[in-house]
Amino acid sequence: GLPSRKGGGKTGRKISKDALQTAHEQVDAARASLEAAKKKANKTPADHAEIQRLEGQLKQAQKRLKASENHAQTGQRGKR
């Protein structure tokens, strides 16, 4: 399972346990399909395009695992 998390306040992670579990599963699935595509011998240009698409899918899935941006991360000087 996943480790339990504390609350976190304003800058804490804003993600539910179910969403985190799903994101982990998506990363694992994307990795597996990418590895299978890379192992194929005699790749055609379409296969290379598919590998690039799968790499993008993996990056997107990994991005979902990252914590949310801190509260008021950008400068607030001009917003008075």
Side-chain angles (χ1 to χ4, degrees):
L2 298 169
S4 62
R5 298 171 296 128
K6 290 174 69 177
K10 271 187 188 177
T11 61
R13 261 190 91 108
K14 308 281 194 294
I15 187 169
S16 69
K17 285 184 180 181
D18 291 338
L20 188 61
Q21 178 70 33
T22 302
H24 277 291
E25 290 168 3
Q26 286 175 345
V27 167
D28 294 340
R31 266 202 192 111
S33 59
L34 179 60
E35 288 303 312
K38 282 186 174 182
K39 285 182 181 179
K40 182 182 178 192
N42 301 327
K43 296 176 194 72
T44 64
D47 292 334
H48 286 290
E50 178 69 9
I51 288 173
Q52 280 203 325
R53 187 187 69 77
L54 291 171
E55 285 172 345
Q57 226 175 30
L58 177 60
K59 282 183 185 177
Q60 189 69 31
Q62 288 171 332
K63 191 175 174 183
R64 286 190 200 104
L65 283 175
K66 288 188 178 179
S68 57
E69 188 175 282
N70 288 342
H71 177 75
Q73 179 74 35
T74 57
Q76 303 294 310
R77 290 191 70 121
K79 296 184 178 181
R80 294 183 197 178

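Given the structure is predicted, the values throughout are model-derived calculations rather than measurements.
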Which atom pairs, donor and acceptor, lie under 3.5 Å between side-chain atoms of residues 27-37 and protein residues at least two apart or in another chain?
from, atom 1, to, atom 2, distance (Å)
Ser33, OG, Ala29, O, 3.2
Ser33, OG, Ala30, O, 3.0

Distance-only check: which donor-acceptor pairs under 3.5 Å involve side-chain atoms of residues 48-60, not counting sequence neighbours?
from, atom 1, to, atom 2, distance (Å)
Glu50, OE1, Arg53, NE, 3.2
Glu50, OE2, Arg53, NH2, 2.8

Would you compute the distance between atom CD of Gln26 and atom OG1 of Thr22 and round it to the nearest 0.5 angstrom? 6.5 Å
Sequence neighbours left out, what passes salt bridge (charged side-chain N to carboxylate O under 4.0 Å, His left out) with Lys43? Give chain and number order. none
